[in-house]
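Counting starts at 1 for both ligands and their atoms, in listed order. Positions are given from 1 along the sequence.
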Amino acid sequence: VKIISAEFIVGAVNLNNAPKLKLPEIAFAGRSNVGKSSLINCILNLKNLAKTSSTPGKTQQLNFYKINQKFYFVDLPGYGFAKVSQEKREGWKKLIESYLENNSFLKSVVLIIDSRHEPMELDIAMAEWLNFLNIPYIISATKIDKLSNNDIAKNIKKFKEAYSQFHPLDIIKFSAITKEGKVEIWKCIESFL
Ligand SMILES: Nc1nc2c(ncn2[C@@H]2O[C@H](COP(=O)(O)OP(=O)(O)OP(=O)(O)O)[C@@H](O)[C@H]2O)c(=O)[nH]1
Ligand SMILES: [Mg+2]
């Protein structure tokens, strides 16, 4: 996909705020601070379209970006951030769940996990949920620039073992710093669109 245009449309705090114009959607999910917004910027070749931050919990709404006037990228609120109130966390969870359920425009999800860590409970729960809802998804293991090749291979093997029962279409190594994995992610997105 050649990026002709990419613009922020709306940060929706509930589904009623989602854009009225319906287009195919690709959503990006993952833990708070895992690198969702950085991945979106990286694959669009834009530095600051999606707001990134070293403070977790930055993305608190469904952020819709319209790409090439043809489809949306949807940056979902990060889950698993301990330092917000239980009430707020429940709210985000409901928002993410209601977004994922019964959404015929949602073509696929890119589930972003941190390549440095052991498979995590909340990430596995998300994979299980996506599989249950029959939403095609890929896993992108990000921040591989922080690991040796040896550790990358080791962790990818662990991810395959933990996630394969929930049928991700692929597990792609990624770094927003080196841009490794960008082409592979686009190949998947193109096939979903
Ligand atoms: N080394 C390295 N750092 C990264 C990478 N991707 C993101 N980061 C850093 O991780 C931090 C969080 O990145 P964001 O893209 O804001 O993460 P997010 O998932 O959108 O965070 P929330 O919106 O708060 O949930 C920032 O300091 C980024 O610079 C990567 O591939 N490699
Ligand atoms: Mg973000």
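- Of all heavy-atom pairs spanning Asn155 and Leu147, the tightest one is ND2-CD1, 3.9 Å.
- Side-chain atoms of Leu111 and Ile138, non-hydrogen and from C-beta on, never get closer than 4.5 Å to each other.
- Looking at ligand 1, you'll find an N or O of Ala176 within less than 3.5 Å of one of its N or O atoms.
- Atoms of ligand 1 lying under 4.0 Å from at least one heavy atom of Ser38, given by number and element, are 6 (N), 7 (C), 13 (O), 14 (P), 15 (O), 28 (C).
- Counting heavy atoms from C-beta outward, Asn41 and Leu44 have side chains that stay 4.5 Å or more apart.
- Under 4.0 Å from ligand 1, the heavy atoms of Asp145 that appear belong solely to its side chain.
- For atom 17 (O) of ligand 1, the candidate residues are Gly35, Ser175, Gly80; the nearest heavy-atom contact is made by Gly35.
- Ring centroids of Trp186 and Phe73 are separated by less than 6.0 Å, placing the two rings close together.
- Counting non-hydrogen atoms of other residues, nucleotides and ligands closer than 6.0 Å to NZ of Lys158 gives a total above 12.
- Looking at Lys179, Arg31, Lys36, Lys143 and measuring to atom 3 (N) of ligand 1, the nearest heavy atom belongs to Lys143.
- The closest approach between a heavy atom of Gly30 and any atom of ligand 1 is not below 4.0 Å.
- In this structure, Glu25 does not pair ionically with Lys107, as no charged nitrogen and carboxylate oxygen lie closer than 4.0 Å.
- Set against the non-hydrogen atoms of Thr142, the atoms of ligand 1 under 4.0 Å away are 31 (O).
- Among the backbone and side-chain atoms of Asn63, no N/O/S atom is found under 2.8 Å from the Mg ion (ligand 2).
- Of the N or O atoms in Lys146, none lie within a sub-3.5 Å distance of an N or O in ligand 1.
- With sequence neighbours excluded, the residues satisfying ring pair (Phe, Tyr, Trp, His ring centres under 6.0 Å) with Phe64 are Tyr72.
- Of all the atoms in ligand 1, the ones that sit under 4.0 Å from a non-hydrogen atom of Gly78 are 25 (O).
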